[in-house]
Amino acid sequence: MTTPSTDFGKVALIIYGVPGCAAMILFFNLFLERLITFMAFLMKDCHRRKVEKRRKTRGIPVGDGHPDDYDEEVDNWKPSLLWIMLYLVTAASLIAGAASAMFMHSEKWGYFDSVYFCFVAFSTIGLGDQVTIQKKDYGNTTLLSLGSFCFLIAGACCVYSMYMVGSVVIKMSLTWILQKLNCIKKVQTIPQTMAPRANSAGTRV
């Protein structure tokens, strides 16, 4: 484990860590933006192909002024966040699986311990109970370091993106629940204008 052991080193870490962490968050955000744009492009292209296939099956040519207009149907389509979330989870799982296989071979860990390390590292929790490249008898330390770096960067990007998309999904779900609860509350509450009122004879109408 490489950690600062002097007061000067600890101060230097703090000074370096503030802009360093901010720059890393910026990198993750830019990566997420580019990744979602690329995924949306691919998903929209797949949707366009499905629309074309469905219209050909129905015998409707593209751009014939039909109410189910091709351009409108394709241009107004938006990818589902749930599908994007599923793709990110799949990508993170594949990267973690490949990285775990490498760590099993290099660190002589069990598969579960390797997966656990990948989650802790990819999610930037970094507990430090398991670390890599601390032995002296590696066959090729440079290659192992490069592989670990690539896996950690790719995994952290996928997991961070997954967290960001997941937070949007949670926010949308909570908003939908609150709207439903508000609608139920409005239905159960009788407005004053609809409440029974008494006429001059004392009877309620």
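Everything numeric in this text was worked out from a predicted model, so none of it was measured.
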Distance-only check: which donor-acceptor pairs under 3.5 Å involve side-chain atoms of residues 144-164, not counting sequence neighbours?
unit_1	atom_1	unit_2	atom_2	d
Ser145	OG	Thr141	O	2.8
Ser148	OG	Leu144	O	2.9
Tyr160	OH	Asn29	OD1	2.8
Ser161	OG	Cys157	O	2.7

Return all side-chain donor-acceptor pairs below 3.5 angstrom for residues 30-41, not counting sequence neighbours, or 'none' if the list is empty.
unit_1	atom_1	unit_2	atom_2	d
Thr37	OG1	Glu33	O	2.7

Worksheet item: Nearest heavy-atom pair of Met43 and Trp83: which atoms, and what distance?
Response: CE-CB, 3.6 Å

Item to complete: Might you point out which heavy atoms bring Met172 and Leu81 nearest each other, and give the distance in Å?
Response: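 Where Met172 meets Leu81 most closely, the heavy atoms are SD-CD1, 3.5 Å.
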
Discussion item. If hydrophobic residues (ILVMFWY) are linked whenever their side-chain heavy atoms come closer than 4.5 Å, directly or via other members, who joins Leu174 in its cluster?
Written reply: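 Members besides Leu174, by chain and number: Ile170.
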
Fill in: Co-members of Leu181 in a cluster of I, L, V, M, F, W and Y side chains, linked at under 4.5 Å
Trp176, Ile177

If you group Ile, Leu, Val, Met, Phe, Trp and Tyr by side-chain heavy-atom gaps below 4.5 Å, do [X] and [Y] land in one group?
{"X": "Val168", "Y": "Leu82", "result": "yes"}
{"X": "Phe8", "Y": "Ile15", "result": "no"}
{"X": "Val120", "Y": "Phe28", "result": "yes"}
{"X": "Ile125", "Y": "Trp109", "result": "yes"}

Worksheet item: To the nearest 0.5 Å, how far apart are OG in Ser173 and CG in Leu178?
Response: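 Answer rounded to 0.5 Å: 11.0 Å.
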
Worksheet item: If you round to the nearest 0.5 Å, how far is SG of Cys21 from CE of Met24?
Response: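 These two atoms lie 9.5 Å from each other.
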
Could you list the donor-acceptor pairs under 3.5 angstrom formed between side-chain atoms of residues 88-103 and any protein atom two or more places apart in sequence or on another chain?
unit_1	atom_1	unit_2	atom_2	d
Thr90	OG1	Leu86	O	2.8
Ser93	OG	Val89	O	2.8
Ser100	OG	Ala96	O	2.6
Ser100	OG	Val115	N	3.4

Discussion item. Please list all pairs meeting side-chain hydrogen bond (donor to acceptor under 3.5 Å, both in side chains) that have one or both residues in residues 111-122, counting only residues at least two apart or in different chains.
Written reply: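 Found Tyr116-Asp129.
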
